[in-house]
Amino acid sequence: CNLLVDIGMKNYRSIYCLGILLYLLCTSCHDFFKESSQDEIKPSSVEDLRGVMYKEAYPYQLATGTFLMLLTDEVQCNGLSNDTYATVHQSGTPVFTFNPMMFDGIEVFPADVNAWKTYYEKIKGCNVIIDYVSEISGTEEEKNALVGQALFLRSFYYLKLATIYCQPYNAPGIDVNTALGVPLILTMELTDDFPRRVSLKALYEQIEKDLLTAATLLEENYTPDNVWRVGNVAAYTLLSRLYLYMGRDEDMDNVIKYADLAIAQGPDLTRLALLDGSGKSVYNSDVSSEVIWIYGVNSFGGGSFFTTNVTWGYDVPWEVSSDLLRLYDATNDLRYKMYYGSPYGCIYGTKVAHNTSNGSDHGIRIAEAYLNRAEAFIRRSLATGNAGDRVLALNDLNVLRETRYVTGSYVDEQITDANELLKFCLMERRLELSLEEGFRWFDIKRLGLSVTHVYIDSEGVEREYTLESHSPLYALPIPYDAIERNYRLEQNPR
């Protein structure tokens, strides 16, 4: 059967085999699969399977994980000022108050809460491409391009699952050989076995293996023709993120290696001064040079926790933290104005591109590679005493910051103490990557930070809730429905 798949920039013709489509749409008696009969009609060409990949493996209109912001110091609670906001206030309350039962008691979760279900569905799509590519016609280059993209996406989703449902890799008291990862599903083959959680070490090893293979395949076989597709620069940047998140001294060389490749082969940083007054965002690829990959929809375009139905004169329940906004130089740092200065800026944030009808603020930007490399240089300097690494880190930070300031206003920072430079780098990371991709949530985890929230209930009563440093809730509870369907799936301590 023929099916036209709208991917935003272009329409691609794809032919879905009934068996593959049933496989992708079905869930199982355990976590992921349900037995279904397989039809003999199958995709026969690269074009057919490419269409399946665009629809089932890519996160085209995905915005899962917006709830992570409610766990951080990036969002504040304003209470319930208008009954119109009652639903979003109620939905966000368990997450914002660090309730260990936040995902319990209901069978079906909103898409922006049940990241577990959403990411595993996309992983199934990736596995179809990887397993089925040998059955179709096409050149080796075309097939390798498909596998490279699918491996990148699979590693991307598994890293997302790790940052949400697992403890940080290099945290005190964590033995990666015994700490819980997530189940690894690496094939489209149906099975009666209920999958168990692998170790954190095995999970990160698989992510690393997939990403390294993806980077090679993409470099040798595929050049994306638009920012909606992933190529080798996206893989290099994600590798630098992976090794930074692993966080050991020996990982810093790899952070630097892959950030080097991303910066050398990737796009230039965007000068925000060139966008000032244009109404364009840092994620608008028509005018912003630094976008490597973009996907999803506007994190704040409605959903369970945030509302676009803003009634002027009333505070929304969840808003960008005033503490975060005070960290910016409001006079010369254009991020204050351009990330938070539009009509809804003080409420949510305005990094949103216009590339889809709802805009998008998800993806990978070259700015991350500069920040990853700078932090790795500093940590390597602290481990080895090499002052040259400190100088290189400071240069990366100054290069990035200069593109964010009013033209001619920026004066290079001169920080000679490596420990002070690390603090400065982590602050810069917070300013640059705020409200994006769950960065702040995992930075809180890997840095062992505590978070205190002032919660205002529907009656206006204020209470404090604190997520302690190295809390068991650093590994969020696995959603109730997944635990119910798989008796082998071990819940996180809480």
Side-chain angles (χ1 to χ4, degrees), residues 2-17 19-21 23-24 41-60 122-159 186-189 206-240 242 257-267 285 291-295 363-364 366 369:
N2 292 334
L3 181 64
L4 291 178
V5 181
D6 179 9
I7 64 162
M9 300 293 291
K10 298 179 180 179
N11 288 332
Y12 286 86
R13 175 182 176 274
S14 66
I15 303 175
Y16 285 81
C17 79
I20 297 295
L21 188 56
Y23 165 80
L24 288 165
I41 303 172
K42 298 178 179 179
S44 59
S45 68
V46 165
E47 182 183 3
D48 298 344
L49 202 57
R50 187 184 293 127
V52 176
M53 180 176 69
Y54 291 158
K55 181 67 166 60
E56 304 296 346
Y58 267 93
Y60 173 49
K122 287 298 180 181
I123 287 167
K124 286 192 291 186
C126 296
N127 289 339
V128 167
I129 307 306
I130 295 164
D131 286 1
Y132 205 78
V133 71
S134 62
E135 304 296 323
I136 61 173
S137 64
T139 67
E140 286 304 303
E141 181 180 4
E142 291 173 324
K143 293 180 181 181
N144 286 337
L146 291 181
V147 174
Q149 291 172 81
L151 284 171
F152 171 92
L153 293 168
R154 188 169 75 180
S155 64
F156 176 76
Y157 299 133
Y158 273 123
L159 186 56
L186 304 176
T187 178
M188 63 177 278
E189 294 297 325
Q206 186 64 49
I207 296 170
E208 180 185 32
K209 178 183 176 182
D210 279 358
L211 263 181
L212 290 171
T213 304
T216 299
L217 290 174
L218 292 169
E219 181 178 13
E220 295 176 353
N221 298 280
Y222 181 67
T223 301
D225 58 6
N226 61 68
V227 294
W228 298 99
R229 303 289 168 245
V230 296
N232 61 303
V233 175
Y236 296 148
T237 309
L238 194 59
L239 277 163
S240 75
L242 170 69
K257 173 183 177 180
Y258 290 105
D260 279 349
L261 288 169
I263 291 168
Q265 299 181 32
S285 61
V291 180
I292 298 171
W293 177 44
I294 193 170
Y295 73 93
I364 295 176
I366 199 65

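Taking the side chain as every heavy atom from C-beta outward, Q149 and M53 approach each other to under 4.5 Å. Side chains of V227 and I292 form no contact here, defined as non-hydrogen atoms less than 4.5 Å apart. In this structure the side chain of Y236 reaches within 4.5 angstrom of the side chain of E219, judged on heavy atoms. Here the side chains of L212 and T216 are not in contact, with every heavy-atom distance at 4.5 Å or above. Inter-residue side-chain proximity for L217 and L151 is flagged as met; some heavy-atom pair is nearer than 4.5 Å. Y157 has its side chain within reach of P59: a pair of non-hydrogen atoms, C-beta onward, lies under 4.5 Å apart. Between K122 and Y58, the closest side-chain pair of non-hydrogen atoms is not below 4.5 Å. A 4.5 Å side-chain heavy-atom check between D260 and I263 finds every atom pair outside the cut-off.
Atom OH in Y158 sits 9.0 Å away from atom SG in C126 (nearest 0.5 Å). Atom CD of residue Q206 and atom CG of residue L211 lie 10.5 Å apart, to the nearest 0.5 angstrom. Atom-to-atom distance recorded for S137:OG and D48:CG is 7.5 Å, nearest 0.5 angstrom. Atoms CG and OH, from N232 and Y258 in turn, are 12.0 Å apart once rounded to the nearest 0.5 Å. The distance from the OG atom of S45 to the CZ atom of R50 is 8.0 Å, given to the nearest 0.5 Å. Distance check: S155 OG to I207 CD1 gives 7.5 Å after rounding to the nearest 0.5 Å.
Distance alone, capped at 3.5 Å, places no donor-acceptor pair between the T213 side chain and the D210 backbone. Side-chain atoms of K143 come within 3.5 Å of backbone N or O of I136 as a donor-acceptor pair.
The two residues I366 and A262 make their nearest non-hydrogen contact at CD1-O, 3.5 Å. The heavy-atom pair separating I364 from A234 by the smallest distance is CD1-O, 4.0 Å. Of all non-hydrogen atoms in A259 and S240, the two that sit nearest each other are N-CB, 3.9 Å. The two residues A235 and L218 come nearest to each other via the heavy atoms CB-CD1, 4.5 Å. Summarising the geometry of A215 relative to L239, their closest heavy-atom pair is CB-CD1, 4.3 Å, with the distance given to 0.1 Å. Taking every heavy atom of both residues into account, A214 and G148 meet most closely at CB-O, 3.4 Å.
Both the sub-6.0 Å distance and the 45° axial angle are satisfied by R229 relative to the ring of Y54.
For the residue pair T187/D131, the side-chain donor-acceptor check at 3.5 Å is satisfied. Y222 and E142 share no donor-acceptor pair across their side chains, judged by distance under 3.5 Å alone.
Aromatic pair Y295/W228: centroids not less than 6.0 angstrom apart.
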key: side-chain contact (heavy atoms from CB on, under 4.5 Å) between R154 and N127, intermediate numbers included   = CA-CA 8 Å; R154 188 169 75 180; N127 289 339; 2.8 Å; yes

key: Pair L159-L238, side-chain contact (heavy atoms from CB on, under 4.5 Å): steps then yes or no   = CA-CA 9 Å; L159 186 56; L238 194 59; 4.0 Å; yes

